[in-house]
4 protein chains.
Amino acid sequence: MAITLDQARTIIRAARDKGHELGLKPLSVAVLDAGGNLLAFEREDGAAPGRFAIAHGKAYGAVMLGMPGSAQMARAEAQPYFMAAVNGVYGGQVIPVPGGVLVRDGAGAVIGAVGVTGDTSDNDAAAALAGIAAAELAGEG
Amino acid sequence: MAITLDQARTIIRAARDKGHELGLKPLSVAVLDAGGNLLAFEREDGAAPGRFAIAHGKAYGAVMLGMPGSAQMARAEAQPYFMAAVNGVYGGQVIPVPGGVLVRDGAGAVIGAVGVTGDTSDNDAAAALAGIAAAELAGEG
Amino acid sequence: MAITLDQARTIIRAARDKGHELGLKPLSVAVLDAGGNLLAFEREDGAAPGRFAIAHGKAYGAVMLGMPGSAQMARAEAQPYFMAAVNGVYGGQVIPVPGGVLVRDGAGAVIGAVGVTGDTSDNDAAAALAGIAAAELAGEG
Amino acid sequence: MAITLDQARTIIRAARDKGHELGLKPLSVAVLDAGGNLLAFEREDGAAPGRFAIAHGKAYGAVMLGMPGSAQMARAEAQPYFMAAVNGVYGGQVIPVPGGVLVRDGAGAVIGAVGVTGDTSDNDAAAALAGIAAAELAGEG
């Protein structure tokens, strides 16, 4: 099973709605497929111009490692040289903090990841989870 | 004046609609702001996974050079070493063919670019122009 | 549908057998999934040490562009600056010649690609196609 | 003496068998030659898509430095700036943790390395050592 573009659009729409509901700063939301390739992205008005790379980096690390941002952050705290090295082999594209959330299908298989950036990392993750839930998929943040 | 996210979404929606109307292959559409940074992107179901880099590269070259894809292609035909060198200074991120379309405001200022990929380069450009027109902005393909 | 490791191993085994049967030089065979990520690889004794990058590059370009090596080569002959630019956006990882073969499932969806290198490009492609056929999948070379 | 492809395949087969026997998560196994070039690789079904880069990085650091992952980790703990600098000169390709295991011939010469990833670093190393032993070679983990 793959994330469709319609599902990706639903995820982005609902993550942004969650941000508005919670009064968060402008969010940027990236949805990647199971191979780590970009499906869809939106950056809200008022967000800093470089936010795509951050949103992408949160989602990319999650899907390539099969590990959400919270787990990557724990590993980075315990073994900073390990996550630095991981970034080396992935071309510097990994942002190991919350806001990178795995997307699983009904059988539990990872089918992609969502990266959200703009507010605190925990709020970013909450918005990502809300988006994934709205698409009736399971998120692991 | 800047392209808003709502305008970027309109551009993508209308470019995709044009593709469906013309019976084109699945399209991928990127919208960049005046600084060459990503605002929004969508990849249609059935498109190859690497399409973001192509769509982005068409739009990025257009906005960074202030020159649409058609003009870049003419320059590449006449002076291939020039466009190769341009790609050197832009980190290899430029795809110099039609489908990279400048977006101008009412005063003629470049406020961003749209990159479309998936069908022939000329059809890609036609879809980009239709998207920009739907947002009531001026496109130069 | 995804290529399983067992299928990837069958593809490699049968591609190598085809090479032996045709008396080809030592082959190297890479199998990538639908997202362009490596599933399996083997380099035969006597092959040059750098063959992984060639085999990977043939398969990677095919899956990321949704275009087999033969079609990439035709495009490179017609528009060399285009394939050079494509390589820029894909980090220099594309080898646009025969031997990069798309793998499709029964419904025609691209589920990965095989890259073979070691002999002539056409013989490399023949070995890849034999491998894919042995796994009861459809190849497009 | 060089690792043959048959030996590399035996290493991978036995490392995977060890993983199954111990109930480990899906493993990915890379075998590199004495020059640091890839001989063979397999990623088990269910492993995250980016596992090749991690498995390769564990083996690559081991063979290029002549130092197994456990020794690299000790050095990274003591002098993080040293391993960061090592990664600079090796193009960011080194993952300095257990699971990168040197392969030695009967005379003690390094003839390659094995990188395993998927479970804990120590379990990864145990699987690599089991694989190397099955090929009747000596491993240093």
Side-chain angles (χ1 to χ4, degrees), chain A residues 1-3 30-39 56-72 74-96 100-115 140, chain D residues 25-28 30 32 38 41 43-62 64-65 69-100 115 117-122 124:
Chain A
M1 181 190 165
I3 301 175
V31 182
L32 271 58
D33 66 21
N37 296 295
L38 188 67
L39 274 171
H56 176 270
K58 290 186 179 187
Y60 187 74
V63 73
M64 292 306 272
L65 288 164
M67 192 188 290
S70 55
Q72 291 176 60
R75 187 75 184 260
E77 301 276 1
Q79 288 185 294
Y81 55 86
F82 175 75
M83 284 309 300
V86 164
N87 238 331
V89 297
Y90 290 143
Q93 294 191 76
V94 174
I95 302 284
V101 177
L102 290 173
V103 182
R104 295 186 188 274
D105 66 14
V110 173
I111 57 172
V114 176
E140 179 187 353
Chain D
K25 293 179 186 166
L27 298 182
S28 300
L32 271 57
L38 189 66
F41 172 77
R43 165 162 59 101
E44 293 193 320
D45 299 338
R51 287 287 166 184
F52 168 64
I54 308 293
H56 177 271
K58 289 187 179 187
Y60 188 74
M64 294 308 273
L65 288 164
S70 55
Q72 291 176 60
M73 185 169 73
R75 189 72 184 263
E77 300 276 1
Q79 290 185 296
Y81 55 86
F82 174 75
M83 284 308 300
V86 162
N87 242 331
V89 296
Y90 291 140
Q93 294 191 74
V94 174
I95 301 284
V97 297
T117 184
D119 205 271
T120 67
S121 293
D122 287 341
D124 294 341

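No hydrogens, no waters, no symmetry mates; every other heavy atom, side chains included, goes into these values. Because the structure is a prediction, the values reported are computed rather than measured. Naming: A, B, ... by sequence-line order, numbering from 1 per chain.
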Worksheet, complete the sentence: Residues D/Val97 and A/Gln79: closest non-hydrogen pair is CG1-NE2, 4.1 Å
Worksheet item: Looking at D/Gly88, D/Ala53, D/Gly91, which makes the most heavy-atom pairs under 4.5 Å with chain A?
Response: D/Ala53
Worksheet item: Which pair of non-hydrogen atoms, one from D/Pro96 and one from A/Ala85, has the smallest distance, and what is that distance?
Response: CD-CB, 3.5 Å
Worksheet item: Is chain D contacted by the side chain of A/Val86, its backbone, both, or neither, given a heavy-atom distance below 4.5 Å?
Response: both
Discussion item. If you compare all heavy atoms of D/Ser121 against all heavy atoms of A/Arg75, which two are closest, and at what distance to 0.1 Å?
Written reply: OG-NH2, 3.8 Å
Worksheet entry | Side chain / backbone / both / neither for A/Tyr90 at chain D, heavy atoms under 4.5 Å | side chain
Worksheet item: Can you tell me how far OH of A/Tyr81 sits from CD of D/Glu77, rounded to the nearest 0.5 angstrom?
Response: 3.5 Å
Practice prompt. Identify the two heavy atoms, one from D/Gly57 and one from A/Val89, that lie closest to each other, and give their separation to 0.1 Å.
Written response: CA-CG1, 4.5 Å
Response to the item:
chain A shares the most heavy-atom pairs under 4.5 Å, among D/Ala47, D/Ala48, D/Ala84, D/Pro80, with D/Ala48
Worksheet item: Measuring heavy-atom distances to chain D, does A/Ala109 have an atom under 4.5 Å in its side chain, in its backbone, in both, or in neither?
Response: neither
